[in-house]
Amino acid sequence: MIVKQVSVFVENQKGRLVAMLEVLKANNINMHALSVAETTDFGIVRMILSDSDKGVEVLKKANFTVKETDVLQREMPDIPGGLLETIAKPLNEAGINLEYFYAFIDPAPGKATIVVKVDNPKKAEEILDK
Amino acid sequence: MIWNPKYEMMPRKDLEELQLERLKIQVAKVYEKVPFYRQAFLKKGINPSSIRSLDDLSKLPFTSKQDFRDNYPFGLMTVPMEQVVRLHASSGTTGKPVVAPYTANDIDMWSEVMARTLSSAGMTKYDVMQNAYGYGLFTGGLGFHYGGEKLGATVIPTSAGGTKRQIMLMEDLGTTVITCTPSYSLIIAETALDMGIDLSSLKLKLGVLGAEPWSEQMRQEIETKLPIKAIDIYGLTEIVGPGVSVECPSRCGMHIFEDHFLAEIIDPNTGEQLPYGETGELVLTTLTKEALPVIRFRTKDITSLNVEPCECGRTIVRMAKITGRTDDMLIIRGVNVFPSQIESILLEIEGVEPHYSIIVDRERHMDILEIQVEVSEEVFSDEIRKMEALEKKVQEELESTLGISPNIKLVEPKHIARTVGKAKRVIDHREL
């Protein structure tokens, strides 16, 4: 499934992540998935939100730099080789480069979910659906 | 030591007569040869015959760095190119550099004032001078080189950088005098420490330091860490390069070689000439330059003049250590940097916001330039790789124009304080 990911630019400075989380909480927005990529100076917080349009709106209002991107969300078996066989290998064979991804365990036993950023999420989805 | 007692110890009355005579010639020459000056004179309703005494100097129009830019590259030159034997250029001004042409006589004059400079600092022909000012377009390297040779000293033209090699040569060749920027002298001291070399066991005894602002505290630090007496010099590309003024060993101001450079202090706001002793902007007029005579150049450097005779015997006027600038020019690692220049480079990069701040600091004796740039939605990417590419691009664009490498820090929007009117964009943490 193709979903909207909300990315936020956050300086590596005390209190900045908290400030961003406060904005989401105040607007009753839940995070379904979260990953942070960081350098020495800044981080990029990537989230799948319960309401991404509203999330973007309130974060912008709070002066954060925000970007919405299409990413691919897939379910996979929570077993050895799960990621390899269901996601990584098929995309690799199709010549699709993974920009980044983050995975988490599903509440349903035996399953995990992965969020994948690729150049063309539609095409990636088609390949994985085969 | 006084290299040229005739001119350095001349009775003030004789000196002023000489200055007037030379000023008249310079004024007539620029009026005849340079349209820019002729127009500026006419605008003030004066011509060369208006100059009858040194007091008439204040009637003359000022020249600014902008005038050099407007007349780039040769618009202020008064001789045909076949008489020019060398061109130098200043570092990083906005857009185009200042080009400084020299005739053979100009080079002789420059060598003379540099020989006086080195002699005043305490150097003689028995010294071995290691010249670690940069050789090239920058006036520092060749200016010191010619002065050292004119004095009859042994010159080692190492240029700047390659610190370990500098120290090896210092040890092996018996260097007694080091000429470089003050901050570089401290880098030499630290590197020697790392190499396990005790500089005080070498023959080194004197440092002739300049091209960047430095404080009395820094002088103390230099003299603690290196076995040298540290002497301050002053100069600028528009006037001649180094060689305008220098301290004597009593270190109570820098003596201006007034037979070649006429100095005034003005109120930077009104342009009015101020009496000796008052602090204001230094204005310099060249008296003997052939290729590029300059009338009343506004240096934007803040200082004061002291005309009392010095205990060294010189009668020429002394200028105090530079205490600041009338504009926002920064001198970083010896390079002139204007905030406006950084701004125009940033704005040329697509998507970069005009919100930035410039932070200057000194770490381990090296000036550090950090540019904080706000991240706009337009340039923001969810991929680290692209953000790092942006940082690199900004860094490279700035480096290629400024000639020094800044650190780029991407910051959140509204991070940089917005102010009504002129934003405070520059934060200088250095204690200069």
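Below, chains carry the letters A, B, ... as their sequence lines are ordered, and counting in each starts from 1. Model, not experiment: these values are computed from the prediction.
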Taking every non-hydrogen pair under 4.5 Å, which of B:K409, B:E383, B:M387 racks up the most with chain A? B:E383

Could you work out, with ring-ring contact (aromatic ring centres under 6.0 Å, His included) as the rule, every residue matching B:Y135, not counting sequence neighbours? B:H145

If you count the non-hydrogen atoms of other residues, nucleotides and ligands that lie under 6.0 Å from CG in A:N28, is the total more than 12? no

Identify every side-chain donor-acceptor pair in residues 188-196 of chain B under 3.5 Å, counting partners at least two apart or on other chains, and give the distances.
unit_1 : atom_1 : unit_2 : atom_2 : d
B:E190 : OE1    : B:R364 : NH2    : 3.0
B:E190 : OE2    : B:H365 : NE2    : 3.1
B:T191 : OG1    : B:I187 : O      : 2.7

Got a second to check how far B:I408's CD1 is from A:D41's CG, nearest 0.5 Å? 10.5 Å

Any chance you could measure B:S376, atom OG, to A:F9, atom CZ, to the nearest 0.5 Å? 10.5 Å

List the atom of B:F380, the atom of A:V8, and the distance in Å for their closest heavy-atom pair. CZ-C, 3.6 Å

Looking at every non-hydrogen atom in both residues, tell me the closest pair between A:A37 and B:I384 and how far apart they are. CB-CG1, 3.5 Å

If you count heavy-atom pairs under 4.5 Å with chain B, which of A:R16, A:E38, A:Q5 comes out on top? A:R16

Is a donor on one side and an acceptor on the other found under 3.5 Å between the side chain of A:E11 and the backbone of B:V411? no

Chain B interface, residue from A:T39, A:V45, A:T40 that has the most non-hydrogen pairs under 4.5 Å: A:T39

Considering only heavy atoms, give the residues of residues 75-102 of chain A separated from chain B by less than 4.5 Å, sorted numerically, with 'none' for an empty result. A:E99, A:Y100

Residues of residues 48-70 of chain A with any heavy atom under 4.5 Å of a heavy atom in chain B: A:K60, A:N63, A:F64, A:T65, A:V66, A:K67, A:T69

Which heavy atom in A:I44 sits nearest to a heavy atom in B:S381, and how many Å separate them? CD1-O, 3.4 Å

Does the side chain of A:F42 reach to within under 4.5 Å of the side chain of B:V375, using non-hydrogen atoms? no

